[in-house]
*Asks:* 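One structure is given below, represented as structure tokens, and several questions about it will come after.
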Amino acid sequence: MEVIRSSSIFIILLVFVSALIQTKADSVYCSNPRSRCYGKYIECPYECPSTSYGNYKAKVCHVNCDSPVCKSYCKHRKPDCNGPGSACYDPRFIGGDGIVFYFHGKSNEHFSLVSDTNLQINGRFIGHRPAGRTRDFTWIQALGILFNSHSFSLEAIKSATWNDEVDHLKFSYNGEDLIVPEGALSSWYSPEKDVKVERVANKNSVIVTLKDSAEIMVNVVPVTKEDDKIHNYKVPSDDCFAHLEVQFRFFALSPKVDGVLGRTYQPDFQNPAKPGVAMPVVGGEDKYRTTQLLSANCLTCLYSPENSSNQEMTSVTEYLPLDCTRGASAGYGIVCKK
């Protein structure tokens with residue numbers, strides 16, 4: 001009898017805990033009429049019931065209100081190099097259309113990754129060309145962002161060897177160096193609160209949020225000896241080519257958005273990457289080259305802060321990830337509730 005009574009108590013406790021978890025799970029209402037999930041409440045999974053956590057290693061709840069599936073899922077707050085909007089490796093991009101392509105650019109030059117009327121994101125490429133090669137091996141070393149008439153940059157610091165215990169990130173805002181204290185979940189906000197930098201690990205991993213416009217997840221990594229051996233990079237002994245792994249989430253792109261990655265978010269974009277090719281390389285260096293990391297003077301650049309308030313909104317907008325820390329409405333056509 002004692003065993004039966006204990007089992008009953010255990011089952012009751014399980015039901016109570018399950019109900020408690022359910023009541024605390026975030027519920028997301030997609031309120032934007034343009035959203036495919038408009039009018040739906042979407043509950044976060046029990047495995048990750050919140051859209052934000054104090055534990056940086058924990059997964060958080062993500063919901064894409066523009067997806068026809070209208071479901072939530074759990075995700076780590078670091079770049080997914082196999083997900084849409086990513087730019088990793090030598091550099092390999094996955095466009096908003098989900099198609100993989102490579103854009104090699106050129107070492108020590110800058111290229112427009114995303115260009116819209118109110119947002120410009122450039123990348124600085126680093127690399128080298130071993131003897132006998134016809135092109136540079138390249139990686140993205142820095143991001144330069146023009147947003148709301150302000151500038152922000154993030155770069156991987158050059159290092160001969162890699163040390164996980166050293167932070168390899170450097171930041172600037174409006175031309176001035178800024179310090180984001182080391183330590184998971186430490187944050188920095190711009191004076192207008194329209195730019196946020198949050199560390200999601202003690203070192204070398206951050207999320208940059210541009211208010212109501214974009215989120216950028218960034219890791220700094222080296223070219224490893226294994227990578228060097230596999231790809232025959234012939235990395236010199238005085239540089240481990242510390243570079244960025246990046247994944248972008250966009251909330252408000254116009255249909256004319258351009259750039260190496262940005263153009264893949266155009267509603268009628270036809271990706272020139274050849275299907276079935278192991279490394280489909282897409283060119284266009286001359287169209288996307290900028291003279292500096294923080295400039296918008298490429299042939300296809302659209303950035304114009306004066307016209308940003310008149311930007312046309314379309315279904316290329318994403319509603320990922322959610323920010324339930326800013327009150328009932330996160331500003332992306334969603335409402336977060338407990």
Side-chain angles (χ1 to χ4, degrees), residues 26 44-45 47-64 67 72-96 98 100 113-114 121 123 139-143 145 152-157 159 162-171 180-189 195-211 213-224 226-227 240-251 261 318-325 330 332:
D26 285 342
C44 292
E47 297 82 3
C48 57
S50 176
T51 56
S52 62
Y53 274 119
N55 179 4
Y56 74 92
K57 293 183 179 180
K59 291 184 178 182
V60 295
C61 171
H62 282 244
V63 176
N64 185 356
S67 168
S72 60
Y73 64 97
C74 300
K75 188 180 186 301
H76 285 296
R77 302 181 71 201
K78 290 189 176 182
D80 176 6
C81 288
N82 293 313
S86 61
C88 304
Y89 315 130
D90 173 21
R92 187 192 74 170
F93 293 83
I94 301 182
V100 176
L113 303 184
V114 178
I121 303 176
W139 299 269
I140 298 175
Q141 179 264 340
L143 296 179
I145 300 171
F152 174 84
S153 70
L154 176 157
E155 60 183 280
I157 300 171
S159 179
W162 181 261
N163 184 348
D164 285 329
E165 299 304 314
V166 175
D167 187 47
H168 295 79
L169 279 169
K170 180 180 178 181
F171 309 92
V180 181
E182 292 184 16
L185 306 182
S186 67
S187 301
W188 172 90
Y189 287 88
V195 180
K196 176 185 177 182
V197 182
E198 179 187 7
R199 290 189 183 271
V200 292
N202 292 327
K203 302 174 177 67
N204 299 313
S205 185
V206 297
I207 294 178
V208 178
T209 303
L210 309 177
K211 184 179 178 181
S213 184
E215 179 194 69
I216 309 168
M217 292 179 283
V218 180
N219 274 338
V220 183
V221 294
V223 175
T224 65
E226 182 180 1
D227 290 335
C240 68
F241 290 111
H243 61 280
L244 308 179
E245 293 179 337
V246 184
Q247 187 176 23
F248 299 92
R249 308 288 189 192
F250 298 108
F251 309 137
L261 178 66
E318 291 186 68
Y319 298 96
L320 237 177
L322 307 181
D323 182 359
C324 289
T325 63
Y332 313 137

*Asks:* Below 4.5 Å, heavy atoms only, C-beta onward: do Pro45 and Cys61 meet side chain to side chain?
*Replies:* yes
*Asks:* Please name the pair of heavy atoms, one in Val220 and one in Ala242, separated by the smallest distance, quoted to 0.1 Å.
*Replies:*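 Closest approach of Val220 to Ala242, heavy atoms only: CG1-CB, 4.3 Å.
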*Asks:* Using atom types as modelled and distance alone, determine if a side-chain donor or acceptor of Ser186 lies under 3.5 Å from a backbone N or O of Gly183.
*Replies:*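 Side chain of Ser186 to backbone of Gly183: a pair is present.
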*Asks:* What residues, two or more places apart in sequence or in another chain, satisfy side-chain contact (heavy atoms from CB on, under 4.5 Å) together with Phe171?
*Replies:*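 For Phe171, the residues satisfying side-chain contact (heavy atoms from CB on, under 4.5 Å) (neighbours in sequence not counted) are Phe152, Leu154, Leu169, Leu178, Val180, Val197, Arg199, Val206.
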*Asks:* Applying side chain to side chain donor-acceptor pair (under 3.5 Å), can you list everything that pairs with Ser72, at least two apart in sequence or on another chain?
*Replies:*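 For Ser72 there are no side chain to side chain donor-acceptor pair (under 3.5 Å) partners, ignoring immediate neighbours.
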*Asks:* Looking at side-chain heavy atoms only, is the closest gap between Arg249 and Met217 below 4.5 Å?
*Replies:*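 Arg249 vs Met217: side chains touch.
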*Asks:* Please name all residues satisfying side chain to side chain donor-acceptor pair (under 3.5 Å) with Asp227, sequence neighbours left out, ordered by chain then number.
*Replies:*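 For Asp227 the side chain to side chain donor-acceptor pair (under 3.5 Å) partners, ignoring immediate neighbours, are Thr224.
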*Asks:* Do you know which two heavy atoms are closest between Asp80 and Gln247, and how far apart they sit?
*Replies:*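 Asp80 and Gln247 have their closest heavy atoms at N-OE1, 2.9 Å.
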*Asks:* Mind checking side chain to side chain donor-acceptor pair (under 3.5 Å) for Ser205 and listing every partner two or more places apart, or none if nothing turns up?
*Replies:* Asn219
*Asks:* For Cys88, which residues count as a disulfide (SG to SG under 2.5 Å) partner, sequence neighbours excluded?
*Replies:* Cys81
*Asks:* For Lys78 and Val200, run side-chain contact (heavy atoms from CB on, under 4.5 Å): C-alpha distance rounded to whole Å, both residues' side-chain angles, the deciding distance at 0.1 Å, then the answer.
*Replies:* CA-CA 8 Å; Lys78 290 189 176 182; Val200 292; 4.3 Å; yes
*Asks:* Applying salt bridge (Lys or Arg N to Asp or Glu O under 4.0 Å), name anything that partners Glu155, two or more places apart in sequence or on another chain.
*Replies:*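 Only Arg124 meet the salt bridge (Lys or Arg N to Asp or Glu O under 4.0 Å) criterion with Glu155.
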*Asks:* Is there a donor-acceptor contact under 3.5 Å from the side chain of Asp167 to the main chain of Asn204?
*Replies:* yes
*Asks:* Apply side chain to side chain donor-acceptor pair (under 3.5 Å) to Trp162 and list each qualifying residue two or more places apart in sequence or on a separate chain.
*Replies:*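 Partners of Trp162 under the side chain to side chain donor-acceptor pair (under 3.5 Å) test: Asp164.
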*Asks:* Run the side-chain contact (heavy atoms from CB on, under 4.5 Å) test on Ile216 and Ile121 for me, step by step, so that the C-alpha distance in whole Å, both residues' side-chain angles and the decisive distance to 0.1 Å come before the verdict.
*Replies:* CA-CA 10 Å; Ile216 309 168; Ile121 303 176; 4.2 Å; yes
*Asks:* Locate the shortest heavy-atom distance separating Ala87 from Ile140; write the atom from each residue and the value.
*Replies:*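 The pair with the smallest heavy-atom distance is CB-CD1, 3.9 Å.
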*Asks:* Would a 4.5 Å heavy-atom cut-off, applied to side chains only, mark Asp90 and Val223 as touching?
*Replies:*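 No, side chains not in contact.
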*Asks:* Are any side-chain N or O atoms of His243 and backbone N or O atoms of Val221, one a donor and one an acceptor, separated by less than 3.5 Å?
*Replies:* yes
*Asks:* Applying ring pair (Phe, Tyr, Trp, His ring centres under 6.0 Å), name anything that partners Phe93, two or more places apart in sequence or on another chain.
*Replies:*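 Per chain and number, Phe93 pairs via ring pair (Phe, Tyr, Trp, His ring centres under 6.0 Å) with Phe101.
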*Asks:* Do you know which two heavy atoms are closest between Trp139 and Tyr89, and how far apart they sit?
*Replies:*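 Taking Trp139 first and Tyr89 second, the nearest heavy atoms are CD1-O, 3.0 Å.
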*Asks:* Apply side-chain contact (heavy atoms from CB on, under 4.5 Å) to Glu165 and list each qualifying residue two or more places apart in sequence or on a separate chain.
*Replies:* Asn163
*Asks:* Measuring from atom NZ of Lys196 to atom CD of Glu215, what distance do you get when rounded to the nearest 0.5 angstrom?
*Replies:* 9.5 Å
*Asks:* Run the salt bridge (Lys or Arg N to Asp or Glu O under 4.0 Å) test against Lys203 and tell me which residues pass, sequence neighbours left out.
*Replies:* Glu182
